[in-house]
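Naming: A, B, ... by sequence-line order, numbering from 1 per chain.
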Amino acid sequence: MGRQHENEDIMGPAESLRLNKVKIFLLTLCSLLPLCGLLDIKTVNAGAYLNSAHGNSTYGVKRSASGFPADYTKGLCGHCHEQHASIDGSEPEPIEGAPSNYELFYSNYLNQTDNFCYQCHTDVGSYQTGGSLINRSYSFRAGGWTADPLNDVLEAFSFTTPAASHNLDDIKTIITAKSWNYTSDSNPCDACHNPHAAQGDPVGAPNSAKSSGTRGWPVSRPSLHSKDNSVWGLWGDSSGEKMSDYAGLLIYQAPYRYNSATTYEPDGSTTQDGSNLADYVTFCTDCHNTINTIYSTTLGRNLRTIDWTAAKHGKGAAVLDSASDIYSPYQDAQLGDYVLACTDCHEPHGSSNVFFIRGEVNGSVPVTVLTEAGTNDGPGSRCNTEWTYLCGKCHKRLGASDGHAHPSYIPPDTEGCSDAACHSGDDGCIYTSCGTCHYHESDTVFGTSYGEKLF
Amino acid sequence: MIRLKLHIFLLLIVLLVPLFSFDVPAVITGKCSDCHTMHNSQNGAAVVSYIFGSETTDAKDYLLIGTCLGCHAQGGPSMVANVNGNDTPQVYHTDATGDLAGGNFAYIIGTKGSGASDAKGHNVIDFGNNEDTLTSPPGHHDPDGIGINITCDSIAGCHGVRKSGGGIYGTHHRNVDGKLTTADEAYNSFRFLTGVKGLEDADWQKTKSVSDHNEYFGVTTPMTYSSNCNICHNPSGIKPANNTISGFCGTCHRSFHVTDQIGGSTSPFTRHPTDVILPGSGEYSSYNGVGNPYSFVAPVARTTVPDTPGSTVAPGTDVVMCLSCHAAHASDNADMMRWNYKSATLSTAISGCNVCHTGKN
């Protein structure tokens with residue numbers, strides 16, 4: 001109160017005049033506001049769509065096609081939806097000959113490599129203005145590995161054995177089986193993305209790595225799916241939806257950015273507690289949990305269920321022993337407290353590796369894993385050790401010179417180096433692959449219970 | 001004392017009259033010579049005077065003193081003109097204060113608005129402006145027998161009896177105004193659109209507010225074609241079997257309306273549906289904001305023709321129609337849209353969509 005009085009004392013005539021003008025302006029504003037109601041004038045507030053990648057007026061969707069109006073502004077509904085399946089009396093390209101569901105200009109979903117989204121999300125022949133829409137891998141965008149040649153979404157979903165892509169048919173099967181408001185007409189891309197809300201990450205710069213100033217939030221949880229755009233929000237953009245929210249009980253430690261020991265995923269900043277990363281554990285375990293049985297067409301079997309609550313890489317307790325020796329930024333002393341995000345190791349769409357393992361992990365390359373069992377050569381051309389391309393990004397002492405530093409503990413029914421199971425040499429290799437013992441939910445060694453989780 | 005009572009009575013009359021709204025019947029009540037001339041000659045001069053453009057003052061059919069456009073498209077500064085003492089709605093004018101409910105053909109010609117464009121409205125050939133883009137009504141069956149040279153009435157028009165030899169003949173004389181729920185002939189149909197039910201605003205929406213406007217009739221499921229020509233074709237002329245304004249549009253733009261060609265009667269639709277209920281849940285429940293006030297940007301149809309205009313919209317009950325997005329005659333926007341869908345400002349371009357699709361803003 002005293003401060004206000006003080007201001008009044010020092011206010012000169014010019015200041016008073018300015019104040020009066022402000023008062024007049026506010027009074028006029030107050031007088032005019034009711035007129036807005038009378039005249040049916042609505043103020044437009046930017047909502048989820050106008051804040052989305054598709055609905056952005058600067059870099060949003062803009063179709064360029066024969067027969068399509070060139071003067072539709074960026075982000076306009078008509079770039080995706082043809083309200084009458086024709087414009088000016090005829091159907092613009094692409095011409096399918098029949099109108100498509102949801103008034104889309106192309107069939108919503110046909111198969112793994114042919115659906116509506118790919119009509120724009122491809123680097124060649126894209127209907128997005130310019131003819132090429134670049135979208136980079138997670139390793140590129142979050143990991144900062146800008147040498148990753150993968151450059152569009154169609155490519156990411158086109159990997160075939162031994163590489164792998166998230167199988168869209170399988171995704172469609174599970175989302176329609178759940179009570180998540182999906183139907184047989186749904187596009188499986190919508191399992192993870194709300195096309196009317198998804199943001200670029202980085203925003204407006206799909207050919208760049210993320211930075212702290214260009215963050216967007218691209219995913220929405222499938223279990224929260226709603227056809228109501230006001231309800232199905234983004235995941236990761238709010239408090240309670242970050243990897244840092246595990247703090248208190250657990251620690252999220254961001255991996256290093258590529259070729260750096262000072263900056264971290266996902267945005268190349270010094271933030272390393274996951275406060276800038278969506279809680280991908282909660283997101284992915286909507287599907288990949290202990291309840292859902294998910295058949296993998298790619299693998300020809302059901303996927304292993306995942307109990308991230310018990311997994312050592314998850315919320316379960318890891319054991320600090322002589323084999324536990326890990327690379328920075330992870331620290332031995334905090335083993336048992338870490339919870340990893342799925343995206344620390346996996347690409348979301350696909351990669352040149354099995355299980356769409358990332359090509360860059362914890363700041364370095366290469367990561368080349370082409371067999372589920374890991375029977376290809378690994379670093380140093382050692383047979384059966386290709387999984388160490390991945391595991392070795394965080395775990396030390398996996399090299400040839402480390403002997404039995406790992407595993408330090410030999411199951412009781414085996415006999416060390418002479419054990420036939422470990423070193424049978426049937427395949428001409430003296431090494432046992434990582435995947436023999438370590439995979440999601442594994443807790444046995446050669447069929448014998450190990451007594452604790454091995455992943 | 002008696003004088004005082006009389007004064008009180010008159011005062012009550014004056015005060016109470018505004019509480020009642022009356023639709024003034026448009027049945028012709030004036031002199032015959034207001035519209036007709038026996039010999040098209042008076043003092044040696046032609047009496048025919050209400051003509052448009054290059055139309056001549058030669059004697060007209062039915063002894064009329066003018067043509068459709070001559071009376072209703074005078075191009076003057078008012079959206080309602082005086083024709084021999086009769087308020088006459090104008091479909092072509094330069095009135096800067098607005099347009100009547102059907103829109104204004106002047107936007108096509110360019111005498112009003114942001115510039116001439118065929119895409120701004122129905123190209124009625126009588127205006128002398130040829131359609132240069134389309135070759136037939138979009139969505140119509142082919143061959144359609146109509147072409148693109150539509151006119152005001154008859155087989156290639158919208159008003160009156162829509163068959164060969166049909167027209168507007170007699171409808172003004174028999175016109176039923178206000179609430180129209182019979183709609184079996186042109187005169188008792190909404191705006192002489194044969195077969196269409198509705199509630200006509202008395203001044204064609206020259207004045208309008210949320211409680212002062214036309215009411216359009218709709219149903220909860222569009223018509224199904226299924227090779228049944230009778231949904232439109234009738235011995236008495238072309239008219240929609242379902243009596244809706246959207247069904248009427250569908251008589252020329254069939255594939256934009258019938259269930260066979262819009263993906264059925266429930267989502268997912270392959271074309272934007274009409275004659276379907278605006279959903280009562282989700283984003284639609286917020287139609288036009290708090291309280292769901294009636295919107296002139298994206299109006300709805302009612303499944304029951306009301307006695308008086310409704311000031312609010314009921315998601316879950318009211319119906320999407322062609323006129324939710326489009327003007328009937330013409331607007332200043334491409335594709336006869338009610339808002340500028342081609343605005344360079346995205347929020348403006350989708351503002352009309354957002355009246356219903358409130359979560360897509």
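Note: A:Ser100 leads A:Ser57, A:Ser100, A:Gly89 in heavy-atom pairs under 4.5 Å with chain B. Ranked by heavy-atom pairs under 4.5 Å with chain A, the first of B:Ile350, B:Ile262, B:Thr133, B:Thr358 is B:Ile350.
Contacts of A:Asp185 with chain B are made by side-chain atoms alone, with heavy-atom separations under 4.5 Å and no backbone atom involved.
Within the model, atoms OH of B:Tyr284 and OG of A:Ser230 stand 10.5 Å from one another, a figure rounded to the nearest 0.5 Å. In this structure, A:Asp228 CG and B:Lys360 NZ are separated by 7.5 Å, a value rounded to the nearest 0.5 Å. A distance of 8.5 Å separates CG of A:Asn229 from CG of B:Asn361, quoted to the nearest 0.5 Å.
The nearest pair of heavy atoms linking B:Leu346 to A:Gly75 is CD1-C, 3.5 Å. Among all heavy-atom pairs drawn from A:Thr73 and B:Ala344, the shortest one is OG1-O, 3.0 Å. Listed here is the closest heavy atom pair of B:Cys353 and A:Cys77: SG-SG, 3.9 Å. Between B:Ala349 and A:Leu76, the shortest heavy-atom contact is CB-CD1, 3.5 Å. Between B:His326 and A:His84 the shortest heavy-atom distance is NE2-NE2, 3.6 Å.
Formation of a donor-acceptor pair under 3.5 Å by the B:Thr270 side chain with backbone atoms of A:Pro99 is not found in this model.
Between A:Glu103 and B:His272, some side-chain heavy-atom pair lies under the 4.5 Å cut-off. Contact annotation: the side chain of B:Ser347 approaches that of A:Leu50 to within less than 4.5 Å [non-hydrogen atoms, C-beta and beyond].
Listed by chain and number, the residues in a side chain to side chain donor-acceptor pair (under 3.5 Å) with B:Thr266 amount to none (sequence neighbours excluded).
Ring geometry, A:Tyr72 versus B:Tyr341: the interplanar angle exceeds 60°, so the pair is classed perpendicular (tilted spans 30 to 60°).
Contacts with chain A (heavy atom to heavy atom, under 4.5 Å) involve these residues of residues 275-283 of chain B, listed by number: B:Gly282, B:Glu283.
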